[in-house]
Visitor: 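I have a structure I would like to understand better, so I am pasting it below and will then ask my questions one at a time.
Residue indices begin at 1 and follow the sequence shown. Counting convention: from 1, in listed order, for ligands and their atoms alike.
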Amino acid sequence: MENNNYFEKLNFKALVEADGNERIQDKLNIIGVFLGTEEHITLEQMYRLLREKGYDYEPEFVRQCMKRMVDLGFAQKKQFESQPVRYEHHHLGRHHDHLICTKCGRIEEFANEDMERLQVKIAIQQGFHMLQHRMEIYGLCSECLTQRRPLMPLAMAKNGERVVVREIAGGMSARTRLADMGLRTGDHIEIINNNGMGRLILGHDCMRLAIGRGIAQKIMVSLDDEDRSTVCDEKN
Ligand SMILES: [Zn+2]
Ligand SMILES: [Zn+2]
Ligand SMILES: [Zn+2]
């Protein structure tokens with residue numbers, strides 16, 4: 001690993017020297033710190049890490065240096081949904097994709113040859129010459145998943161999740177209101193939109209249903225582990 005970094009740094013040095021002779025050692029210190037971390041690192045984290053190593057560079061200089069590292073193929077800039085821009089190593093000839101936890105923000109990497117081949121095949125079938133792609137899987141990491149109780153309020157369910165209604169708290173009135181909407185215990189629902197504020201949009205019996213956040217706190221659900229894909233005919 002260390003050796004690898006040594007040649008990468010040498011390679012970088014030769015290329016930035018061609019840019020002009022400004023602050024070469026500072027730039028080498030920055031790439032050294034960057035290559036020494038295996039994280040998908042934000043600029044903020046990069047400033048902090050540099051300071052920890054005793055380098056107190058102005059943020060703009062660090063930002064420009066990171067940009068140059070991207071341009072020269074030493075770093076890759078990544079932006080995952082609802083997260084700040086991150087940088088990771090750019091290893092020549094190697095490719096990987098990501099799993100992103102929507103709860104804690106954890107980023108995991110994976111590489112799968114079958115998946116890569118399949119993507120090329122799909123592109124060819126559509127008459128595409130594939131240049132690049134991004135495969136990002138959003139969900140809950142194993143740690144966040146184990147922290148979740150088996151029964152949770154519907155208001156906590158995530159977009160795209162399928163759940164089963166287990167209990168309706170809040171007495172007769174809540175149950176009657178939900179029954180009027182056609183929602184009962186034992187029903188299977190899909191979360192279409194739960195952005196943490198306002199009403200939740202649910203898919204239920206091939207209909208979209210909007211329910212208030214207050215009442216969604218009273219509906220206790222568990223994850224739907226039956227693998228059932230309901231096919232809904234579009235009726236106009
Ligand atoms: Zn890929
Ligand atoms: Zn997580
Ligand atoms: Zn990565």
Side-chain angles (χ1 to χ4, degrees), residues 1-2 4-5 7-9 11-12 30-50 62-63 65-163 191 194-196 221-225:
M1 224 21 175
E2 274 302 303
N4 240 339
N5 289 354
F7 290 113
E8 293 242 305
K9 274 172 82 173
N11 192 184
F12 180 71
I30 294 175
I31 195 171
V33 168
F34 174 69
L35 294 175
T37 168
E38 285 302 323
E39 302 295 314
H40 299 80
I41 199 167
T42 65
L43 272 180
E44 282 302 321
Q45 291 169 329
M46 199 54 209
Y47 306 143
R48 220 176 311 142
L49 195 60
L50 283 162
V62 178
R63 196 188 63 78
C65 186
M66 294 305 290
K67 184 180 179 301
R68 201 69 194 122
M69 275 154 47
V70 173
D71 294 342
L72 296 173
F74 292 87
Q76 300 183 75
K77 201 170 164 180
K78 288 279 152 72
Q79 184 149 31
F80 303 113
E81 255 180 61
S82 343
Q83 292 206 5
V85 167
R86 294 178 181 276
Y87 296 86
E88 68 171 331
H89 300 176
H90 184 175
H91 296 295
L92 295 183
R94 269 191 277 162
H95 167 84
H96 67 263
D97 291 294
H98 298 94
L99 291 137
I100 304 104
C101 178
T102 55
K103 187 151 182 276
C104 71
R106 175 177 179 155
I107 298 160
E108 287 178 23
E109 300 183 336
F110 71 93
N112 183 300
E113 276 185 34
D114 291 339
M115 173 93 76
E116 297 302 321
R117 268 197 296 270
L118 185 60
Q119 292 177 103
V120 175
K121 196 174 149 195
I122 292 168
I124 290 171
Q125 281 167 351
Q126 308 274 75
F128 253 73
H129 167 59
M130 187 164 113
L131 297 172
Q132 52 154 314
H133 73 273
R134 265 198 300 189
M135 172 56 135
E136 291 169 9
I137 299 178
Y138 290 85
L140 296 173
C141 70
S142 53
E143 219 161 285
C144 288
L145 206 55
T146 51
Q147 277 169 14
R148 281 224 300 196
R149 288 169 299 142
L151 222 55
M152 63 178 171
L154 175 61
M156 277 179 62
K158 301 277 184 192
N159 289 348
E161 226 159 32
R162 290 166 185 280
V163 296
I191 320 303
N194 177 14
N195 62 8
V221 298
S222 65
L223 293 182
D224 191 352
D225 38 29

Visitor: Go through the steps to decide whether Gln76 and His90 satisfy the test side-chain hydrogen bond (donor to acceptor under 3.5 Å, both in side chains), and finish with yes or no.
Guide: CA-CA 6 Å; Gln76 300 183 75; His90 184 175; 5.0 Å; no

Visitor: Quick one: report the N, O or S atom of Asp97 that is nearest to the Zn ion (ligand 1).
Guide: OD2

Visitor: Which atom name does Glu109 have for its N/O/S atom nearest to the Zn ion (ligand 3)?
Guide: OE2

Visitor: Of all N, O or S atoms in Glu116, identify the one at the shortest distance from the Zn ion (ligand 1).
Guide: OE2

Visitor: Is the His96-His89 ring centre distance short of 6.0 angstrom?
Guide: no

Visitor: Given atoms NE2 of His98 and NE2 of His96, what angle do they subtend at the Zn ion (ligand 3), to the nearest 10 degrees?
Guide: 90°

Visitor: Assess whether a salt bridge exists between Arg106 and Glu108, defined as any Lys/Arg side-chain N lying under 4.0 Å from an Asp/Glu carboxylate O.
Guide: yes

Visitor: Under 2.8 Å from the Zn ion (ligand 3), is there any N, O or S atom belonging to His40?
Guide: yes

Visitor: Strictly under 2.8 Å, is any N, O or S atom of His133 next to the Zn ion (ligand 1)?
Guide: yes

Visitor: Is Tyr138 close to Asn159 at the side-chain level, that is, under 4.5 Å between some pair of heavy atoms?
Guide: no

Visitor: Where the Zn ion (ligand 2) is the centre, what is the SG-to-SG angle for Cys144 and Cys141, rounded to 10°?
Guide: 100°

Visitor: Hey, are Glu113 and Arg117 close enough for a salt bridge, meaning a charged N less than 4.0 Å from a carboxylate O?
Guide: yes

Visitor: Rounded to the nearest 10°, what angle sits at the Zn ion (ligand 2) between SG of Cys101 and SG of Cys104?
Guide: 110°

